[in-house]
Amino acid sequence: MTEIEPVTKVERSADLRYALHLFRQNPLVLVGLTLACGSIAVALLSPFLVNPNSWQITHPALKNCWNNGLFGWGNPNIAACPTVHALGTDSYGRDLLSMIVLAIPLDLQIAFEVVISAVVIGVVFGAIASYAGGIVDEVILRVTDIFLAVPGILLAIVFLVVFGKSIGILTAAVVVIWWPTYVRLVRSQVLSEKERPYVEGLRAMGAGRLRILFRHIVPNSIYPIMVQATLDIGSVILTISALTFIGLSPSPLLPELGNLASLGGQYFFTAPWLIVFPGLTILLISLGFNLLGDGLRDILDPRLRR
């Protein structure tokens, strides 16, 4: 062990340095990193940029008004705002830009909670299934297949209808449909990794099965999981927005991007900004994490490096 481990660490360090070099050379990754970090920065600074309770205050007199002279919607019936609102107001008279700033941290929080929960569940059950094999593997795989057999969005809708509408239930509903993917991914990675010579060496030295699995095999399989998790941030945000867009939001006033777009759907021809700007925000955040994930996959997987 003392002869093998330093070499492994040196090789891993050199591989990471080379990956960072490729990271800087890939413009798409830099674009994705900029968009992803920008959205995270807005989320962290949102309590200082906007009053966190402003989403609960409505102004009926300011409903669906627009006063940004830089852009006109070509509709003479659009009401003018008596005060400055860069992106106009929504159907409750709230400043739309402020609502989007408040929605970004909520969407990102749910997305990170879903992905982290799904990764933890996937790592535990996927690693145990592949390393233990036999009946344990079969049971875990069959349970996973049951969840994969049901359309994910339908399962989430049923979950929300049965257990009620709240942020916690919404998060749990998406976790329910997300964890099977990670069980499959982790299982395949561990199956490949456990056949490597160093695992046989650890067994010969008397290392315990759980120690080998969670201290050596799982860490060496982490790169594909990191890539998938990065890609899934954007996908989870799209799923959350879809669920709230179809009316499964805990509250019509909730500052969530899909909910904001849903409120604007009925005013598309009279107040198009209500659906355009929340939709663009969803697009940019999802695009950022997808570009970042694709770049990480190309960089961290030696077989895909160019």
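Looking at Ile225 and Val123, their side chains come closer than 4.5 Å, going by heavy atoms from C-beta outward. Looking at heavy atoms from C-beta onward, Leu292 lies out of side-chain contact with Ile233 at the 4.5 angstrom threshold. In this structure, Pro278 and Glu256 have side chains that are not in contact, with every pair of non-hydrogen atoms separated by 4.5 Å or more. Contact check for Tyr92 versus Pro252: side-chain heavy atoms found under the 4.5 Å cut-off. Residues Met226 and Leu296 fail the side-chain proximity criterion, which asks for heavy atoms closer than 4.5 Å. The side-chain heavy atoms of Ile285 and Leu108, taken from C-beta on, include a pair separated by under 4.5 Å. In this structure the side chain of Ile121 never reaches within 4.5 angstrom of the side chain of Tyr182, judged on heavy atoms. Side-chain atoms of Val183 and Val143, non-hydrogen and from C-beta on, never get closer than 4.5 Å to each other.
Between Leu44 atom CG and Ile104 atom CD1 the span is 11.5 Å, to the nearest 0.5 Å. How far OG1 of Thr58 is from CG of Asp90: 9.5 Å, rounded to the nearest 0.5 Å. One finds the CD1 atom of Ile100 at 13.0 Å from the OG atom of Ser46 (value rounded to the nearest 0.5 Å).
Atom CZ of Phe71 sits in a crowded spot, with more than 12 heavy atoms from other residues, nucleotides or ligands closer than 6.0 Å. Atom CZ of Phe159 has more than 12 heavy atoms from other residues, nucleotides or ligands within 6.0 Å.
No side-chain donor-acceptor contact under 3.5 Å links Ser192 to the backbone of Gln189. In this structure a side-chain-to-backbone donor-acceptor pair under 3.5 Å is missing from Ser262 to Gly258. For the pair Thr171 (side chain) and Ile110 (backbone), a donor-acceptor distance under 3.5 Å is absent. Panel note: side chain Ser39, backbone Ala36; a donor-acceptor pair is recorded below 3.5 Å. Not a single donor-acceptor pair under 3.5 Å links the side chain of Thr89 to the backbone N or O of Arg94.
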Item checked: Test log, rule side-chain contact (heavy atoms from CB on, under 4.5 Å), inputs Val158 and Val150 -> CA-CA 11 Å; Val158 171; Val150 182; over 6 Å; no
Note to self: Please evaluate residues Leu248 and Lys165 with respect to the criterion side-chain contact (heavy atoms from CB on, under 4.5 Å), reporting the C-alpha separation (whole Å), side-chain torsions for both, the decisive distance (0.1 Å), and the verdict.
What the structure shows: CA-CA 7 Å; Leu248 295 174; Lys165 301 174 185 179; 3.9 Å; yes
Item checked: Evaluation steps, side-chain contact (heavy atoms from CB on, under 4.5 Å), between His85 and Asn67 -> CA-CA 7 Å; His85 299 280; Asn67 67 345; 4.2 Å; yes
Margin query: Evaluate Ile78 against Trp273 for side-chain contact (heavy atoms from CB on, under 4.5 Å), listing each step before the verdict.
Written below: CA-CA 11 Å; Ile78 291 177; Trp273 57 87; 3.5 Å; yes
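Phe125 and Trp179 have tilted rings, their planes meeting at an angle from 30° to 60° on a 0 to 90° scale.
Screening Ile40, Val236, Asp107 for a side-chain contact (heavy atoms from CB on, under 4.5 Å) with Phe112, the sole residue that qualifies is Ile40. Screening Leu260, Ile167, Ile240, Leu254 against Ser249 for a side-chain contact (heavy atoms from CB on, under 4.5 Å) leaves a single residue, Leu254.
Side-chain N/O atoms of Ser98 and Asp95 include a donor and acceptor closer than 3.5 Å.
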